[in-house]
Each structure stands twice: as C-alpha cells, then as structure tokens.
Amino acid sequence: MRLLGRLNFFSRMALTLSLLLLFLGAISLWQTRQTIASLFFEQQGQRGQSLAGLAAARAASLILVNNQYDLYELLRDMQQTNADVRYLFVISQDGVVLAHTFSGGFPVDLLNANTPPTLAKGQSLLLDTEEGRVLDVAAPIMDGRLGRVHVGLSDRGLQTVLADTTRQLWLDTLLVLVVGGVAAFLWAKNLTAPVRELAQAAAAMTRGDMSQRAKVLSGDELGQLAVTFNTMSEHVAELVQELRRKEEVRTLLLQKVIGAQEEERKRISRELHDQTGQTLTSLMMGLKCLEENSPVGSRCHLDELRQTVRRTLDDLHRLSLELRPPLLDDMGLQAAVSRYVEQWRELHRLDVEMHIRWECPERLSHEVEVAVYRIVQEALTNVVKHANASHVSVLLRCEGDKLSVVVEDDGCGFDTDAKQQEAGDRLGLFGMEERAQLVGGSLTVEASPGQGTAVYLRVPVRCQEGELV
Amino acid sequence: MIRSGLKVLLANCQDIEVVAEAGDAEAALPLVAECAPDIVLLDISLPGISGLECVRRIRRDHAAVRVILLTMHEDPRYLQEGVAAGAAGYVMKKAADDVLYQAIRSVQAGQLFLPACMAAELWQSGNGNDKGDAVQASRPLSEQETKVLTLIARGFSNAEIAAELLISVKTVETYKARLLEKLNVTKRSELVKYAIEQGLL
C-alpha cells in the first residue's frame, strides 16, 4: 500500500486497471477451459460408446466363427479411420486377448484397468498413461457372452483445442490491456491536468515566484479549486510584499537604533574619559599639591580625599570601558576582544582562553568591528549568567573574506528547541542574531542540556585600510 | 583643566620648570621646536593628531627631547604602542600625583619609566602568551578524529561537521569528547592550538 502511495495518480490508475484486466482474462480463460473440457469429455464419451458398440456388433460374428485375422483387420481399420482412437482390443469372456492394435505387444496392466462390474454392461474410465489421458470405453459383445471390446480414445484433440483457445484468449486480453492502457493514460492525463497545473503554480510560489497563476481548465470542482488558489496566491503575494517592506523598514530602523546607541555610547565614553577624567586627574594633582604645602595635621585628611578621587577615577574608567572601549576604535577588534576576555577572566575568575588567527588586514569595517565585539560581549555575559561553566574558549579567526568567531563553554547548556525559555534570554540570542545579520553575517547557537553551549558567528568582511578614529 | 593641575603640581618642584603648554598636537609641535624642552608630557587621547603620532614626530624631528605619555588608558597595548613610537615614560593619570616627579626624574636621568604592573604584562605579551606545555595526544588519533579536529579548528559548528562528514551530530559530539579526552584538554581553544601545532590547518 505504501508503495502504491508513492506512485503518481496515473500510474496507480494504469496499474489497477491492468491488474483488473489480467484478473478478468485469467478468470474467463479458466472458465472457458473448464467448459470446453467438460463438453469434450461428454462428446468423447458418447463417441467412444458408439465406436465400441459398433466394434462389438461387428466383432460378434467374427468371434463366433473364430476369424481372428478379420477381427484384427476390423480393429485396425477402425483405428485408422478414427484419428483420436489410440487403441482397440477384444478380450474373451475368460480374459484372453483375442485381438489388439498394439504394435509392440499388449500392455498387460491394461487388461484389468477398466473392468465393468458385470459382463453385460459397458463402462467408460479415464486412464492416466504415459501418453497422456486416455478414455477407455468397454462395450460387451453379445451382452458379454463373447467378451468385450475396449476402445481407447486419446485427449490429444482436446489439448490442441485448449491450447488454441488459451492463446486466443491471452491475445484478446493483451489487446484489451493495450487499448485499456492507452485509454487509462488519456483519461488520467485529462483528469490530472488541472491538478498538475495547480501543483506547478504552488511550486512556483514556493520558489518565491509570486506572479505564477494556475490556469482554470474546467468549471468543475477542480476548476473552482484553481480559481480559489489564484485568489489565495494573490493574497499571499500581497502579504509577502508587505512583509518584505516591513522587514526592510525594521532592518533600517534597527540599524539606526544600534548605530545611534553606539554613537551615543562612544560619545559618553569619550566625554567621561577625556573630559571628566581630566578634571578628576587635575583635581587629584591639585590635592597632592595642597597636601605637600599644608601642615602635617591636615595632610591625612587631604590624602583621604585624594584616594576618593582616585577611586572615582577608577570607576569612571571602568564605566567608560563598558560603554565603549577606546581600544576598539583605536586598535581594532583583535586588541579589544583580547582585552575584554582578559578583564572578563579576572572579573569572573573563570578559565577562559582566547585564540586568534588573523590573516586579514589589521582593521575591519567599523560596523563589523563593533557588531562582533558586542556579540562576543553578549555571549560571554550569557556564559556568566546561565552556563555555570568552568572552561570557556573564544576563537577569533579572520581569513580571506570571512571572519569567524566561536564562543564555547562546557557549562550546563540548554535545549535549543525548548519553547519555555524565558523571554529575556531569547531576546538576548535574538539580539545577537540581529546584530550579526545587520552586518551580513550569520549566528548559530549549538547547545544541548549538559553539553555546553557554542555560539558561532560568521561575518563576511570587506577589509578596510588602517582606519584610526 | 588638567594642564592647570599639572602646572600647580610641577610648580611645587624647584628643579622642574614648565616652559610651554598646548591644547593639541598642532599647537604643541611648533612649541617643541621653539622651546626645545628636556621632557614633553603628552596625553595619548588628543583632538586632531593622535598622541602616538605626536610622539613619533617629536622623536623624528627632535631626537633629544624625551616624551612621557600621560594617559587614562590602562591597557598594555597602548603602552606597547607608546614605547614603540619612542616614548620614554608612561604615567597613568590616576597615579600621576604620586609618580609624576619620579617619572620625570627617571626619564631625565635617561631611564625608561613604566608602571610596574604593566611592564610585567608587556614582558609577558612580548614573550608570546604561551602558557603551559604543548598539548600531547595520549593515544594516536584515528583518521576520522583528525578530520573532525581539523574542521573544529577551522571553526565549523557540530552541525556543519556532521553535514561535511556525513555523520550525525551526536557522533560529532562523541568524537569531540573523545578528542578532548585523548589530548587531555578541556577547551576548544586547546584543540585549535593542537591542530595548528600538528600543521592540520
């Protein structure tokens, strides 16, 4: 049944039809053969009886005068005039063979093969011999007082007829099969044409060709289906267009938002770094100066103030780094990521190792550098937040025109298919994917519970000659 | 702002005299030529021409003038770049109040002045960051394991390796676990390192 389901409509129809025809042919052949055989045997029986009766009547006088030669002639004559007579023989009442037509001696087992219950009666019996089936008909001579005559009729004639009939019937069946096959083909083609039309249109839509419509070939149910399909595809085409437009707008918006955010971070970071940092440094130096020139009593207090300023400067520095590391703009992705990984290691006391293989010009485009840096940052943040890992690898590989980043941990992992992830976590992954896509890259996350998590990032890079901001 | 602070700080010292000051590199370079100072205190982050470029130019044009970089940056890479550019000293702003005099005197005496903590890092990165021994396979890797290792090192994801070698993702995970065990390592980065050492890439 499963095999049948795999065939197309036409093949299924043709196969069913052929099997039906074959079945029909076989049944009719069997029935015809049965009918012919029974008719033949009935007729042969009657012929055998009349032949045996005739032989018995003519043999009676010859037996009475004991003319064995004429008796033999009679039998031979009868055999020669009847093609289907295999043999004739006469046996006396005592079971002695008086005459027979066997040229090579009388077969003894034939003597008792067909023995009628009483002498006065005849009997027909089918014998299986090495020459095929033989109908042996026994007829009494003078009511059995002079013995009986046996006539053996072979069924060779029947076999010939049967073979002819069978061949004819097979030929007929074959003819019907061919005609039926052609008819089935044409019919199925006609029947499936609208369906195929629909399938083609649907396939075109799947490929993204929204202009394809199904031809309406008839007004029946299939025709209606085609009309409905066309309406649907128009609708889908509109929706897809709308979706694309929205996607474009969204991407543009996202790009703007991210760009603006990065710009703003950079500005604030610079401001903190350059302006506020300068001020605090200056304040610190002023305090130092004051400290040196003041009486010993207030020095201690001034020193404390100076330490407070120093700590504030430290905080400021960290804040500025988090917002946007100047290293990323000044020295590029490799340096910034390495530095971030080092700081991350010190901060979280985790075994993280970084491996860089860089066979590109030093600097990549600004957007790519920022996006990759942020994605690595997010991936490592996720490791701290969720993974409970003990070993982490960060691999940065830039070769030819593609940059590949892998962040892998051996932590608890998660089920990537699970729907019950918290919305916030999914948003993080989603954000990473979005960022990757905005620079034409792709992001894959591979994880399974207990097996750790690996984030793979691929970005095509257009190399940019040393851009120092 | 910082310049005034510095000036006050330096004025405190009898053996140091501030001969000139400027807000950016464009203004500073002619002043260096004019005043021929012993030492220039320079911020790395400058508007316009960067501090590092400024160091290069000063060193190129006035080899006798020594430069001390004064900066917020704590990253050793800046230090490295600074020293490479020809700076003789590197002072972080948060420590300026304490070490500035010392830095100026050391540099004046012809020595290099670097913050101790960063000098250590510089030394380390200069010697390459080879930590620990080279990875060694406890048992030889099979052909298939080597293939998987090569693809891992080339940054393929498990799914991609599975597709490449026509095996299941589960099998890839098994191979990876076996690789980690055979090489007696814990991280992907070490696998990559081993692959590179073996010349698989």
Side-chain angles (χ1 to χ4, degrees), chain A residues 270 273-275 277-293 306 309-311 313-314 316-317 320-321 325-327 330-331 335-336 338-339 342 351-355 357 390-395 397 399 404-406 408-410 444-446 448 451 454 456 458 468, chain B residues 1-13 43-47 50 52-53 70-78 80-81 92-98 100 121 125 129 131 152-160 169-170 173 176-177 180 185-193 196 201:
Chain A
R270 284 273 145 135
H273 201 268
D274 296 347
Q275 298 302 317
Q278 303 278 47
T279 316
L280 283 176
T281 311
S282 155
L283 183 63
M284 201 163 68
M285 285 186 290
L287 283 172
K288 171 82 178 174
C289 206
L290 209 59
E291 194 182 319
E292 277 170 11
N293 294 333
R306 203 153 55 86
V309 175
R310 198 193 302 276
R311 275 196 298 278
L313 206 55
D314 260 342
L316 192 77
H317 187 64
S320 135
L321 268 185
L327 203 57
D330 294 347
M331 304 214 179
S338 309
R339 181 68 188 160
E342 276 161 30
D351 175 21
V352 56
E353 195 173 42
M354 169 110 194
H355 196 277
R357 191 176 166 89
S390 43
H391 304 289
V392 185
S393 291
V394 179
L395 306 176
R397 191 178 155 86
E399 259 177 337
S404 132
V405 183
V406 185
E408 189 182 52
D409 65 65
D410 64 347
T444 320
V445 178
E446 260 181 7
S448 51
Q451 292 280 337
Y456 301 89
R458 303 273 158 76
L468 280 163
Chain B
M1 185 69 107
I2 191 161
R3 272 184 282 146
S4 61
L6 273 173
K7 244 162 72 180
V8 173
L9 193 64
L10 294 177
N12 245 8
C13 240
D43 197 333
I44 289 187
S45 319
L46 288 177
S50 81
L52 291 175
E53 181 56 30
L70 185 63
T71 178
M72 282 281 279
H73 296 297
E74 288 175 37
D75 194 281
R77 275 172 200 81
Y78 285 101
Q80 219 169 336
E81 296 264 324
M92 282 187 292
K93 286 184 184 168
K94 67 171 185 183
D97 50 350
D98 287 331
L100 193 58
E121 275 188 73
S125 64
N129 33 16
K131 284 170 247 157
I152 286 177
R154 284 171 58 192
F156 279 54
S157 71
N158 289 355
E160 287 166 332
V169 174
K170 268 268 168 285
E173 282 172 12
K176 204 159 129 190
L180 290 173
V185 296
T186 49
K187 294 186 293 285
R188 180 184 273 262
S189 56
E190 290 166 309
L191 290 181
V192 176
K193 226 189 269 174
I196 290 172
L201 289 182

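Because the structure is a prediction, the values reported are computed rather than measured. Chain letters run A, B, ... following the sequence lines, proteins first, then strands; residues in each count from 1.
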> Out of curiosity, B/Ile44 CD1 to A/Asp330 CG, how far, rounded to the nearest 0.5 Å?
Replying inline: 8.5 Å
> Which heavy-atom pair separates B/Lys187 from A/Ser393 by the least distance, and what is that distance?
Replying inline: CB-OG, 3.2 Å
> Going by heavy atoms in the side chains, are A/His355 and B/Ile196 under 4.5 Å from each other?
Replying inline: yes
> So which heavy atom on B/Lys93 is nearest to which on A/Met284, and how close?
Replying inline: O-CE, 3.1 Å
>> Between B/Ala159 and chain A, with a heavy-atom cut-off of 4.5 Å, which part of the residue counts as in contact: side chain, backbone, both or neither?
In response: both
> Going from CD on A/Gln278 to CG on B/Leu6, what distance comes out if it is rounded to the nearest 0.5 angstrom?
Replying inline: 9.0 Å
> Side chain, backbone, both or neither: which part of A/Ser448 has a heavy atom under 4.5 Å from chain B?
Replying inline: side chain
>> To check you understand the geometry: which heavy-atom pair defines the closest contact between B/Ala153 and A/Arg397, and what is its length?
In response: O-NH1, 3.8 Å
>> If I measure from the heavy atoms of chain B, does A/Asp314 come under 4.5 Å with its side chain, its backbone, both, or neither?
In response: side chain
> Looking at B/Glu81, B/Lys7, B/Glu173, B/Arg154, which makes the most heavy-atom pairs under 4.5 Å with chain A?
Replying inline: B/Arg154
>> If I measure from the heavy atoms of chain B, does A/Val392 come under 4.5 Å with its side chain, its backbone, both, or neither?
In response: backbone
>> Counting only non-hydrogen atoms closer than 4.5 Å, does A/Arg357 touch chain B with its backbone (N, CA, C, O), its side chain (CB onward), both, or neither?
In response: side chain
> Checking heavy atoms, do the side chain of A/Leu327, its backbone, both or neither come under 4.5 Å from chain B?
Replying inline: both
> In Å and rounded to the nearest 0.5 Å, what is the CD to CD1 distance from A/Glu408 to B/Ile152?
Replying inline: 7.5 Å
>> A side-chain contact here means heavy atoms from C-beta on lying under 4.5 Å apart; do B/Glu160 and A/Thr444 qualify?
In response: no
> By a 4.5 Å heavy-atom criterion (distance strictly below it), what part of A/Glu291 contacts chain B: side chain, backbone, both, or neither?
Replying inline: neither
> Can you tell which of A/Pro325, A/Ala335, A/Ser390 has the highest number of heavy-atom pairs within less than 4.5 Å of chain B?
Replying inline: A/Ala335
> Nearest heavy-atom pair of B/His73 and A/His317: which atoms, and what distance?
Replying inline: CA-CE1, 4.2 Å
>> Could you report the tightest heavy-atom contact between A/Arg458 and B/Ser157, atom names first, then the distance?
In response: NH2-N, 4.0 Å
> What are the two closest non-hydrogen atoms of B/Ser189 and A/Glu353, and how far apart are they?
Replying inline: OG-OE1, 2.6 Å
> Hey, are the side chains of B/Met72 and A/Pro326 touching, using non-hydrogen atoms and a 4.5 Å cut-off?
Replying inline: no
>> Among A/Arg311, A/Glu399, A/Glu446, A/Arg306, which residue has the highest count of heavy-atom pairs closer than 4.5 Å to chain B?
In response: A/Glu446
